[in-house]
Structure formats: C-alpha cells, structure tokens
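Report on one structure; see the data block that follows.
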2 protein chains.
Amino acid sequence: MVEFTTLRLEDGVPIYLQIIRHVKAGIAAGTVVDGEELPSRRALSALLGVNPNTIQKAFRLLEEEGWLQSHTGAKSLISATAEQVEALRKNLPDYQARAFVRSMKALGATCADTVALVETLWKEEEPE
Amino acid sequence: MVEFTTLRLEDGVPIYLQIIRHVKAGIAAGTVVDGEELPSRRALSALLGVNPNTIQKAFRLLEEEGWLQSHTGAKSLISATAEQVEALRKNLPDYQARAFVRSMKALGATCADTVALVETLWKEEEPE
DNA sequence: AAAAGTGTACTATGGATATAATACACTTAG
DNA sequence: CTAAGTGTATTATATCCATAGTACACTTTT
C-alpha cells in the first residue's frame with residue numbers, strides 16, 4: 001500500500017500536484033513499486049483532509065501519464081515499467097538540482113557556500 | 001535601475017510572486033540597493049509581457065513588506081535598511097536549501113550524490 | 001502652462017484550483 | 001445474494017490569478 005502519512009501538504013502549491021509528486025518521488029526512491037496498491041480516493045481524502053475530487057484529479061492525471069491503472073469498482077494499482085522508473089530516477093533529481101543551483105546563484109551565493117549549506121542541513125534535518 | 005531583463009518567467013508559479021522573489025534575490029545578492037529606482041508599472045508590464053495590474057500587485061505587496069516606497073506621480077524606489085538586507089541574506093538561502101534537501105531525501109538520494117550533482121550543475125549552468 | 005509619464009483605483013471577465021453534494025455502475029467481502 | 005467499498009461523472013459554488021479597459025490625481029519634463 002502506497003504510504004501518504006509522510007506527506008505534509010504545504011500551501012502555495014496545488015494539492016493535486018503535491019500528491020502527484022509524492023507518488024513519483026516514491027517510485028523514484030524505490031519505496032513504491034509496480035503493482036502496489038493505492039488507498040481509495042475516499043480514504044486518502046479523509047487522511048489528508050482534502051476533497052475527494054482533488055484526489056481524483058491527481059489520480060486521473062497520474063493514470064494519463066501511465067503511473068497507475070484504475071478499473072471501476074476495483075482498487076487502483078501502481079504501474080511502472082523498468083524504463084519509466086529509470087527515466088524518473090535520472091530526470092527528477094537533476095531537474096530539482098538545476099532549479100536549486102539557479103536560485104542560489106541568483107542570491108549571489110558561491111558554489112562552496114552552497115555545498116557547505118546543503119551538507120549542514122542534510123545532517124540537521126529530521127534523523128527520521 | 002533595478003534590472004528585470006534577466007527574469008525568465010516560468011509557469012506553475014504566480015507571476016506576481018516571481019517578481020517579488022526576483023527583487024528580493026537582487027537585494028540579497030547586493031545587486032539591488034537602497035534608493036535604487038524601479039521601472040514604472042507600465043514599462044515593466046511591457047517588458048515582461050504581463051498585465052499592469054499584475055505588476056502593481058507585486059509592487060504593492062513589496063511596499064507592504066517594506067521593500068520599496070511609492071508616491072503617486074513619482075517613480076518607485078527600493079527601500080532596504082541594513083538590518084533588512086542582513087536578515088534576507090541569512091534566511092533566503094537557508095529556506096531554499098532546506099526545501100531542496102527535503103526533496104532530494106524524498107527521492108532517496110544520498111548526501112554525497114546530492115553534493116556531487118550540485119557541483120556538476122554549478123559549473124555547467126550558463127557561464128553568463 | 002501643457003504634455004507626458006507615473007501611481008493608484010475600479011469594474012468586469014475567464015481560467016485554474018478546491019470544495020460540496022449527489023448519483024450510478026462495478027467489484028469485492030460478508 | 002447482499003451490502004459495503006470503489007471508481008467515475010456531474011453540477012454548483014468560492015477563491016485566487018491574470019487579463020482588459022478605464023479613470024483620475026499627482027509629478028516631471030518640455
């Protein structure tokens with residue numbers, strides 16, 4: 001069952017996008033695998049305190065992108081081929097890192113300062 | 001005059017927020033200083049291809065936060081005390097780095113991998 | 001003084017996001 | 001089989017973002 005208890009919704013970003021990214025991040029990290037079961041729309045709606053239509057929108061878009069399969073009446077399952085996973089694992093971190101580097105350069109930071117900051121925060125942030 | 005020619009608008013983030021962040025980043029980087037002149041609402045509207053009301057919203061919020069001063073009929077000027085700048089220079093990079101570290105952890109990346117990726121992209125990205 | 005430029009305000013419209021409330025067909029568990 | 005759970009669809013409402021057009025007072029330039 002795909003976990004959503006670790007998903008903390010932040011405002012400023014559309015909820016349905018945060019749900020989509022959470023699923024993709026799980027697939028890229030390997031904690032979510034092909035064939036795995038997803039919570040129902042209604043259950044996830046209750047868990048996150050979000051309207052069922054918002055969950056449906058996220059799941060519908062994920063299905064259109066080929067990351068899950070749904071059949072009326074049955075539970076939805078993750079769908080991820082090896083090629084899909086590999087592409088995701090390759091592109092997702094790269095994309096995020098590029099945006100980060102760009103923003104840090106805009107702030108006038110140096111490469112060394114940025115790396116030091118990342119290393120410091122990496123250890124500092126919640127040891128799980 | 002505060003420069004906006006380097007601002008490349010991306011979609012998915014409200015335009016008025018991108019304008020606000022661009023100004024703040026400039027102040028934090030030291031390329032935008034106290035008393036500096038801003039382009040008029042109409043001029044910046046034409047430059048970015050954005051509605052004047054959107055520019056006005058960004059400038060109004062910046063003024064409410066104390067980053068600029070406007071007087072009807074006259075041009076708007078940057079307002080940034082030493083304390084404001086120092087706080088910005090301290091908090092902005094930290095905030096962005098935290099979000100980055102969190103997202104990279106969600107993708108299952110290691111600290112070493114992340115640092116290596118940042119260093120690689122830092123050199124790669126546009127040498128201006 | 002006149003004209004141009006600037007800040008500011010207002011109304012109206014359209015699209016995206018999110019909520020609310022139903023409704024129905026299908027699958028699964030009892 | 002029956003009931004509960006599930007996916008799916010629909011209509012309506014509210015808010016935010018952005019655009020469009022207009023208007024007016026003030027400042028600066030000419």
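So you know, we letter chains A, B, ... as the sequences are listed, proteins then strands, and number each from 1. Owing to the predicted nature of the structure, the values given are computational and were not obtained by experimental measurement.
- Comparing atom distances between the Tyr16(A) side chain and each of dT17(C), dT6(C), dT8(D) picks out dT17(C) as nearest.
- In this structure, of dT19(D), dT8(D), dT6(C), it is dT6(C) that holds the atom nearest to the side chain of Lys75(B).
- Here dT27(C) presents its C1' atom at 13 Å from CZ of Arg42(A), a figure rounded to the nearest Å.
- Judged by distance alone, with hydrogens and angles left aside, Arg60(B) brings no side-chain donor or acceptor close enough to the base of dG7(C) to form a pair under 3.5 Å.
- When the nucleotides dC26(D), dT27(C), dT8(D) are ranked by their closest atom to the side chain of Thr72(B), dC26(D) comes out on top.
- Side-chain N/O atoms of Ser103(A) and Gln96(B) include a donor and acceptor closer than 3.5 Å.
- Atoms CZ (Arg41(A)) and P (dG7(D)) sit 5 Å apart, rounded to a whole Å.
- In this structure, a donor-acceptor pair under 3.5 Å is absent between the side chains of Ser70(A) and Arg60(A).
- Closest contact between the side chain of Asn51(B) and the listed nucleotides dT27(D), dT28(C), dA20(D) involves dA20(D).
- Put simply, CD on Gln69(A) is 17 Å from C1' on dT8(D), counting in whole angstrom units.
- Atom P of nucleotide dG5(C) and atom CG of Leu44(B) are separated by 17 Å, given to the nearest angstrom.
- Candidate nucleotides dC17(D), dT19(C), dT19(D) were compared by shortest atom distance to the side chain of Pro14(B), and dC17(D) ranks first.
- In the displayed structure, Glu86(B) atom CD is contacted under 6.0 Å by at most 12 heavy atoms of other residues, nucleotides or ligands.
- You'll find that the side chain of Asn53(A) is closest to dT10(D), out of dT10(D), dA18(C), dT6(D).
- Between Phe100(B) and Phe100(A), the two ring planes are parallel [angle under 30°; tilted spans 30° to 60°].
- Computed from coordinates, the Phe59(A) CZ to dT8(D) P distance equals 10 Å when rounded to whole Å.
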